[in-house]
Amino acid sequence: MNFATFHDLAGQSVFVTGGGSGIGAALTEGFLRQGCKVAFVQRSDADEFVKEMAGATGNRPLFLPCDITDIAALRAAMDTAAAEHGPITVLVNNAANDLRHGLEDYSPEEWDKAQDVNLRPHYFTIQKAAPGMRAAGGGAVINYSSISYMMGNGGYVSYATAKAGITGLTRGLARELGPDGIRVNALMPGWVLTEKQMEMWATAEDLAAMMDRQCLKTHLKPEDVVGGTLFLASQASRMMTGQALVIDGGVVVTG
Ligand SMILES: NC(=O)c1ccc[n+]([C@@H]2O[C@H](COP(=O)([O-])OP(=O)(O)OC[C@H]3O[C@@H](n4cnc5c(N)ncnc54)[C@H](O)[C@@H]3O)[C@@H](O)[C@H]2O)c1
């Protein structure tokens, strides 16, 4: 990955949820290459990834195993990150699970479980990070939403609902935290072809349909959303808050 350097990011304490695979891994690498101190959580093991990043960037991320549905554990992980790296000044709520389901066969328990991953942690990570950011004179939060809810796609309504909720949460908390110099923005990717997307969901037909809708005729890769995230984290966007930045290759929904 080769990006512009945002000089103000060097030395910042960055916390990324789901930062060891998919888009999150590209984000961790992007922040490491800016000279940030990066801590990340995820449920699955990431020791190999940490070694790979340390070798590739010369900057070792701090991996804290944690299930983000457990808010107490998530808070504890953020405390550890702050103790190691200083108060978190950049928070990226990236982790999610885009599980498919139908209307009829979905239970209240499954609905709650999905929101516990896809929406609830965002509020509580911001609640936890805000005092440290306030004391540091400001901070930046980037919440990963998605264009999926605007496309009117079926098949993953609880995920799409959470993603719509994230843009609402972003606007509300931008208002509350703006006076403290804490900026809260959302990033809305289009379809980003991670390994998981290719393994689980990408059919030749869906890929072709997406390509039809994109102005730019290249599928997005994880590194394509890194630059926008770094921009939202940096002072380059210092007067931007409460916004949702779309990076989707120019998707036009034709009906
Ligand atoms: N890939 C896409 O096409 C796409 C499109 C639009 C938006 N997004 C958004 O971008 C973000 C990253 O997407 P991705 O495709 O890389 O997802 P992914 O599923 O490949 O990775 C998600 C990460 O979250 C972690 N995670 C999931 N559940 C967790 C839990 N309970 N506790 C701790 N960690 C957990 C996973 O371990 C993984 O590291 C998500 O917010 C997603 O909604 C992705």
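The chain is numbered in sequence order, starting from 1. The structure displayed is predicted, hence computed values, not measured ones. Atoms within a ligand are numbered from 1 in the order they appear, just like the ligands themselves.
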**Message:** Geometry only, no angles: is Ile68 polar-contacting ligand 1 at N/O separations under 3.5 Å?
**Reply:** yes

Practice problem: Check step by step if ring-ring contact (aromatic ring centres under 6.0 Å, His included) holds for Phe31 and Phe40. | Solution: CA-CA 11 Å; Phe31 281 109; Phe40 72 91; over 10 Å; no

- Going by heavy atoms, is Lys163 under 4.0 Å from ligand 1? yes

Nearest non-hydrogen contact to atom 8 (N) of ligand 1 from the set Phe49, Tyr149, Tyr159 belongs to Tyr159

Closest to atom 44 (C) of ligand 1 by heavy-atom distance, out of Asp45, Val192, Ile23, is Ile23

Is at least one protein non-hydrogen atom found at under 4.0 angstrom from atom 17 (O) of ligand 1?
no

Tell me whether the rings of Tyr106 and Trp111 are parallel (<30°), tilted (30 to 60°) or perpendicular (>60°). perpendicular

The answer for which part of Pro222 has a heavy atom under 4.0 Å from ligand 1 is neither

### Query
After noting the C-alpha distance and the side-chain angles of Asp98 and Arg100, does the key distance pass the salt bridge (Lys or Arg N to Asp or Glu O under 4.0 Å) rule?
CA-CA 6 Å; Asp98 60 347; Arg100 273 41 172 184; 3.1 Å; yes

| message | For the CE atom on Met151, are there more than 12 heavy atoms of other groups (residues, nucleotides or ligands in this structure) within a distance under 6.0 Å? | response | yes

- [ ] Taking atom CZ of Phe124 as the centre, report whether more than 12 heavy atoms of other residues, nucleotides or ligands fall under 6.0 Å from it.
- [x] yes

Honestly, for Lys196 the part within reach of ligand 1 (heavy atoms, under 4.0 Å) is side chain

Near Ser145 (heavy-atom distance under 4.0 Å), the atoms of ligand 1 are 7 (C), 9 (C)

The answer for which part of Asn97 has a heavy atom under 4.0 Å from ligand 1 is neither

Check: Is there at least one pair of N or O atoms, one from Gly18 and one from ligand 1, spaced under 3.5 Å apart?
Finding: yes

